[in-house]
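Working notes, beginning with the structure itself.
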Amino acid sequence: MTIQFLQQADGFFWSLLIAAILTLFWIISAIREEHKLLILISIRICVFAILLFLLLQPKLSWIDHYEFPLRWNIYADRSVSMGYHQSLSSDSYIESVNSFFSEAEIKDSETQNYYFDHKIYKPDETTVVLSGEATDLGKVIDHIDETESALNGAIIITDGQITKGEQKQSKLKHLSIPIFTVGVGDTIPLVDVAIQLIEAPTVVIKGEEMDVNVTLASHGRINDRVNILLYRGKKLIGSKNVQLHGDGSLTNARFKVTPQLLGENDYFIKTSVLADEININNNSQRFLVTVLKDRYKVALITGSPNFNTGPLKKIIKEIPRVELDHFVQQGEKFIPSINEFWSNSHELIVFENFPLSPISKRWKQILAKKIVSQSSSLFMFAGPNTNKKSIESLYPFFHVQSSQDTFDDSKHKQWIWSSESGIFHQISSEMITANVEADLFPPLYPKIMIDPEDNISGLAYYENSTIPLLVSGEVDGLRSGVWTSSDFSTLYYKMTESDHHNISILLLHNLFSWLLRTSGENELYFRINKDIYQQGEEIHIVGSPYGQIGKDLSSITGYISLKSKNNSLATYELLFNPMNEQWETKFLAGKPGLYNYEIILQDKNNQSIQSGSFIIDESQIELNQVSLNKTILQSISSLTNGKYIPWESRAELLNNIYTNHKQEMLIKSARLTENISAIIILILILSIEWYIRRLIGLT
């Protein structure tokens with residue numbers, strides 16, 4: 001035992017000690033003839049000495065020895081792959097493991113038994129079914145490391161196939177206990193062929209050739225050829241015969257496809273099945289490719305050529321993949337013939353300075369039939385030669401009506417953009433910033449005054465009024481818009497002479513792209529290759545925005561947000577791959593269930609969203625690698641001075657299980673100032689003094 005003083009003797013301590021000694025000598029000399037009092041004085045001296053001793057805050061330290069029993073931890077693999085080894089059935093494996101657990105407990109009652117897959121389980125915590133979706137030996141190594149001080153050693157029973165997590169080589173080297181491994185199964189993997197990856201664009205233009213690259217992974221001893229079949233729907237459109245080499249090797253096949261059908265094309269990749277193949281669910285996979293039109297036809301109907309006609313034709317012709325049919329009215333006829341308008345399909349119909357007189361009921365009926373059958377969008381530019389009565393005959397097609405508000409429409413009016421419209425984000429951000437610049441936009445002449453009906457929104461208004469300059473919206477799936485001024489050319493030429501020369505062009509480009517449905521909510525084309533994934537399987541998401549959200553690609557951020565039925569939320573960042581000009585992300589499938597997702601690309605002013613869903617099913621991914629990975633198990637044992645033993649010789653391990661104890665020295669300490677023993681001693685001494693004083697009659 002050692003004693004240590006935490007408080008050094010200072011001047012105060014020495015002063016008390018000297019004063020106590022002097023007082024003691026004075027008292028002894030004064031009462032040396034009174035022998036009865038000498039005992040009381042001695043007791044007081046003891047009390048004072050103890051108090052002085054405690055002022056130095058003494059700390060007592062001593063060494064204590066104790067023993068505790070060491071144990072063995074045994075871990076048995078319960079993942080799916082353990083039930084597919086040819087040498088033993090699921091029931092016999094579980095029965096043999098439980099028997100081994102019992103025999104180990106007889107040898108050493110302290111033994112603790114566990115099952116594991118991607119987690120660690122006590123046998124009483126889970127029903128022993130070989131249903132674990134992944135094998136994570138790293139979790140077992142971590143558990144051994146955490147309990148190392150209480151262990152004699154550990155035993156791991158597994159096939160060594162790691163399908164999740166990572167190896168803990170560095171941690172193994174620092175363990176001081178042996179790990180014995182028991183290898184289950186055959187070292188020759190069971191045969192399996194899996195479609196590992198499909199690389200294909202998510203959006204293409206009709207008639208353009210696209211590449212479809214398929215990567216196959218083959219496991220086991222394989223030296224066969226398989227057919228890779230490519231279907232569109234139920235129609236076979238391609239076939240490749242490839243040689244497989246097994247042992248986890250990858251084989252590639254490439255198809256060249258020229259899509260002709262517009263919209264979503266459903267493609268299907270399928271491989272032939274080999275003899276004795278363990279899992280055929282991964283031999284097929286579907287993927288979607290969106291095919292866009294190669295050309296969009298726009299019909300421009302001009303009642304009478306005017307200053308607006310030239311700029312409008314120029315801007316429309318500059319829109320990518322747009323083909324313009326221009327019909328000009330001359331008297332009762334059109335050049336070219338209006339019959340071409342009725343007989344051809346048009347995605348967008350633009351009325352410019354038209355009609356010059358009210359259109360007939362028959363004309364309206366034919367136009368309505370054309371719009372509905374072809375799902376055509378409409379846009380109208382008020383012109384200098386139209387009048388209120390003539391143009392009102394078209395109002396029902398645009399879901400607007402004449403406004404009851406009035407103002408002096410003989411003068412040009414200032415106007416501003418509105419940010420309240422639901423589709424205003426399609427208009428360039430330059431227009432938003434332009435609002436703050438005084439006199440940037442020229443005053444325009446309000447030719448017609450309208451009120452929009454439901455679902456039609458105002459994009460721009462004349463200042464200090466509710467009269468819109470521009471309206472747009474969608475009703476019953478049909479889109480339309482109206483420009484109420486007859487001075488579009490004024491805006492065009494005024495902007496051409498300024499630093500914002502492209503504003504009028506951007507206006508029509510963005511607005512017409514929305515009307516043609518080449519942008520807006522349909523501008524994202526992302527694909528998740530499968531509707532159903534297995535736990536632990538990698539989910540690969542690729543996609544493209546058609547065109548660009550913003551001018552600077554570096555300013556765009558993208559992510560996918562997942563939400564499951566239990567409302568758990570996960571977010572993964574999308575990264576742009578410049579090699580294939582696609583946005584991509586990868587992550588592992590989590591818990592089983594239905595997941596809804598939103599893919600979002602955004603910059604400072606714009607945001608585009610694509611939604612969808614997929615299912616994560618219970619894992620079968622371990623069936624791709626049903627074999628004994630003897631190398632990993634031998635490595636674990638050799639790094640920890642253990643031993644690898646095959647499953648058939650597992651009984652040998654019981655000889656290594658024995659009862660053992662570990663003796664440790666523990667340094668204990670106590671501070672007397674914080675210990676109740678010192679207080680008890682003082683109380684005891686004072687009680688003795690009080691008793692003696694009673695005996696001699698001093699109290």
Side-chain angles (χ1 to χ4, degrees), residues 61-79 82 97 100-125 132 134-184 628-647 649-669:
S61 301
W62 67 94
I63 298 176
D64 197 2
H65 297 269
Y66 72 98
E67 263 190 358
F68 65 90
L70 295 175
R71 70 173 190 271
W72 285 78
N73 279 1
I74 304 177
Y75 304 86
D77 195 341
R78 65 178 289 271
S79 59
M82 299 302 295
V97 167
F100 188 83
F101 284 169
S102 299
E103 292 176 19
E105 289 176 348
I106 293 172
K107 297 282 290 185
D108 182 5
S109 60
E110 299 293 333
T111 298
Q112 292 190 6
N113 304 312
Y114 301 92
Y115 281 99
F116 74 93
D117 43 45
H118 66 290
K119 296 179 181 179
I120 308 293
Y121 309 90
K122 288 289 289 181
D124 56 350
E125 291 178 358
T135 304
D136 190 349
L137 282 177
K139 289 289 178 61
V140 177
I141 303 303
D142 287 339
H143 192 268
I144 294 173
D145 181 57
E146 292 168 1
T147 57
E148 178 188 6
S149 60
L151 298 181
N152 255 330
I155 299 172
I156 303 175
I157 303 172
T158 180
D159 58 9
Q161 291 295 348
I162 301 176
T163 56
K164 188 176 182 181
E166 58 184 15
Q167 298 186 49
K168 307 279 184 168
Q169 296 283 350
S170 58
K171 188 167 288 187
L172 285 169
K173 294 177 182 179
H174 294 96
L175 292 176
S176 60
I177 61 170
I179 298 178
F180 294 86
T181 54
V182 180
V184 181
L628 171 60
N629 194 335
K630 187 175 178 180
T631 303
I632 285 180
L633 301 183
Q634 288 176 330
S635 173
I636 291 173
S637 293
S638 64
L639 288 172
T640 57
N641 296 317
K643 185 179 179 181
Y644 168 79
I645 294 175
W647 171 252
S649 305
R650 61 190 178 279
E652 297 178 11
L653 278 178
L654 295 173
N655 298 326
N656 293 280
I657 298 176
Y658 52 87
T659 302
N660 194 11
H661 291 78
K662 183 177 181 180
Q663 189 177 76
E664 287 193 356
M665 293 186 301
L666 183 65
I667 298 176
K668 295 184 177 181
S669 62

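A cation-pi arrangement, defined by a distance under 6.0 Å to the six-membered ring centre and an angle within 45 degrees of its axis, is present between Lys122 and Tyr114. No cation-pi contact links Arg650 to Phe100, judged by a cut-off of 6.0 Å to the six-membered ring centre and 45° from its axis.
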Practice task
Under the side-chain contact (heavy atoms from CB on, under 4.5 Å) rule, what do Leu137 and Ile636 come out as? Steps first, then yes or no, please.
Solution key: CA-CA 10 Å; Leu137 282 177; Ile636 291 173; 4.2 Å; yes
Exercise for the section: Apply the test side-chain contact (heavy atoms from CB on, under 4.5 Å) to residues Ile657 and Leu654: give CA-CA distance (whole Å), side-chain angles for both, the deciding distance (0.1 Å), then the verdict. Expected result: CA-CA 5 Å; Ile657 298 176; Leu654 295 173; 4.2 Å; yes
Handout entry: Steps toward side-chain contact (heavy atoms from CB on, under 4.5 Å) verdict (Arg78, Tyr121)
Key = CA-CA 10 Å; Arg78 65 178 289 271; Tyr121 309 90; 3.6 Å; yes
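Between Ile179 and Ile144 the shortest side-chain heavy-atom distance falls below 4.5 Å. Val140 is not listed as a side-chain neighbour of Thr158, based on a closest heavy-atom distance of 4.5 Å or more.
Side chain to side chain, Asn73 and Tyr75 meet the donor-acceptor criterion of an N or O pair below 3.5 Å. For the residue pair Asn113 and Glu105, a side-chain donor N or O sits within less than 3.5 Å of a side-chain acceptor on the partner.
Side chain of Thr135 to main chain of Ser79: no donor-acceptor pair is present (N/O by atom type, distance under 3.5 Å, no hydrogens or angles).
One distance of note links NZ of Lys171 with CG of Asp145; it measures 5.0 Å at 0.5 Å rounding. Atoms CG and CH2, on Asp108 and Trp72 in that order, are 9.5 Å from each other to the nearest 0.5 Å.
Of the options Thr181, Leu172, Ile645, a side chain to side chain contact (heavy atoms under 4.5 Å, CB included) to Ser637 is made by Thr181 and by none of the others.
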